[in-house]
Amino acid sequence: MRFGFRFRPVAFAAAVVVAIIGILLGNWQQDRAAYKTGLQARQLARAAEPPLELTPSTRIGPDDEFRTVRLQGEFVAGWPVFLANRPMTTRSGAQSGFYLAMPFKIAGSDTHVLVLRGWLPRPAGVEYGKLSAFATPAGPLLLKGRIVASAGKVMELGEGPPLAPGALVQNLTPEALAAASGLKLQPFLVQQTQAAGRRDALGRDWPVPSAGIDKHRGYAFQWYALAALALIFYVMTGFRRGSRTNR
């Protein structure tokens, strides 16, 4: 008995296509892991720097993301906006909820910063859009937080409701809120890290950039394995057994 390899063009093309798709998707997952690794390193480096006093004249650039800041002023309590579909891990596990965003007027100016004040849980058994109670400190205060470029983006189908006080939206930018409110807003956000004054019932276990790094690497391995298996399967099934011819 002997074995011979039979080349099959259609099967070969299918195996190559699957392998290419697996490699491309594996590379994409590796890029996502590398991006989050760099983001994590940058956050740790910025967190180690002394707090920055944020005033209207403070210049903030892309390298200042995750920098710890302190600013004096007061919340514009009449302009709360809620970001939907923002889960957070609590003691009881992952729970759905909302981010509370609110403009913060910097003392002695007409300049505002959009602050992600914290997280509110979605009450169990309550219709969508009903929010838990929260408190907003009145008057001047010292706010502590970190600079972030965005509130994170979630999938949004269609056009959301118009921005208005108390609106429940999927995504939010300082530019959009400035256009709707007429307030002068800085182009970045501040993620509040400590309660200002008395407790305000808001969660602040903000997601960290390292979340998902191992998951991306695991997915990359699976895609690379699929690419390898497609080629191995083509080669293994290409061999056929035949009889040795007597001469």
Could you walk me through whether T111 and Q186 pass side chain to side chain contact (heavy atoms under 4.5 Å, CB included), step by step? CA-CA 7 Å; T111 302; Q186 296 280 30; 3.9 Å; yes
Considering all heavy atoms, the nearest [X]-[Y] contact:
{"X": "G78", "Y": "P165", "result": "O-CB, 3.1 Å"}
{"X": "L202", "Y": "G118", "result": "CB-CA, 4.1 Å"}
{"X": "L172", "Y": "A101", "result": "CD2-CB, 3.8 Å"}
{"X": "A220", "Y": "G26", "result": "CB-O, 3.5 Å"}
{"X": "A15", "Y": "L231", "result": "O-CD2, 4.1 Å"}
{"X": "A227", "Y": "A19", "result": "CB-O, 3.4 Å"}

Would the distance check show the side chain of [X] and the main-chain N or O of [Y] forming a donor-acceptor pair, the cut-off being under 3.5 Å?
{"X": "T58", "Y": "E53", "answer": "yes"}
{"X": "Y234", "Y": "A14", "answer": "no"}
{"X": "R86", "Y": "L120", "answer": "no"}

Full working for side chain to side chain contact (heavy atoms under 4.5 Å, CB included) between L54 and V190: CA-CA 10 Å; L54 189 59; V190 169; 4.2 Å; yes
Working note: F82 + Y99, criterion ring pair (Phe, Tyr, Trp, His ring centres under 6.0 Å); need CA distance, chi angles, decisive distance, verdict. CA-CA 6 Å; F82 303 94; Y99 286 169; over 10 Å; no
Can you check whether [X] reaches [Y] side chain to side chain, under 4.5 Å on heavy atoms?
{"X": "M102", "Y": "W79", "result": "no"}
{"X": "Q72", "Y": "I106", "result": "no"}
{"X": "H112", "Y": "F75", "result": "no"}
{"X": "V113", "Y": "L185", "result": "no"}
{"X": "L177", "Y": "L183", "result": "no"}
{"X": "F98", "Y": "W119", "result": "no"}
{"X": "W28", "Y": "H216", "result": "no"}
{"X": "L143", "Y": "F104", "result": "yes"}

Linking I/L/V/M/F/W/Y whenever their side-chain heavy atoms sit closer than 4.5 Å, directly or via other members, would [X] and [Y] fall into one cluster?
{"X": "L116", "Y": "V154", "value": "no"}
{"X": "V16", "Y": "F233", "value": "no"}
{"X": "V18", "Y": "L229", "value": "no"}
{"X": "L141", "Y": "L71", "value": "yes"}
{"X": "M88", "Y": "V81", "value": "yes"}

Distance-only donor-acceptor check, side chains T136 and R117, under 3.5 Å: yes
Let me confirm one number: the [atom1]-[atom2] distance from [X] to [Y], rounded to the nearest 0.5 Å.
{"X": "R6", "Y": "T237", "atom1": "CZ", "atom2": "OG1", "value": "8.5 Å"}
{"X": "L100", "Y": "Q192", "atom1": "CG", "atom2": "CD", "value": "9.0 Å"}
{"X": "I60", "Y": "I147", "atom1": "CD1", "atom2": "CD1", "value": "3.5 Å"}
{"X": "R217", "Y": "Q222", "atom1": "CZ", "atom2": "CD", "value": "15.0 Å"}
{"X": "L114", "Y": "Q191", "atom1": "CG", "atom2": "CD", "value": "11.5 Å"}
{"X": "R67", "Y": "L52", "atom1": "CZ", "atom2": "CG", "value": "4.5 Å"}

Can you tell me if F134 has over 12 outside heavy atoms packed within less than 6.0 Å of its CZ? yes
Neighbour count above 12 (heavy atom, 6.0 Å) for Y219 OH: no
Please evaluate residues R204 and T193 with respect to the criterion side chain to side chain contact (heavy atoms under 4.5 Å, CB included), reporting the C-alpha separation (whole Å), side-chain torsions for both, the decisive distance (0.1 Å), and the verdict. CA-CA 6 Å; R204 295 189 176 91; T193 54; 5.6 Å; no
Look at E74 together with K105 and state whether they make a salt bridge at an N to O cut-off of under 4.0 Å. no
Apply side chain to side chain contact (heavy atoms under 4.5 Å, CB included) to T173 and L189, showing your working. CA-CA 9 Å; T173 65; L189 297 86; over 6 Å; no
Cluster companions of M236 among Ile, Leu, Val, Met, Phe, Trp, Tyr (side-chain spacing under 4.5 Å): I232
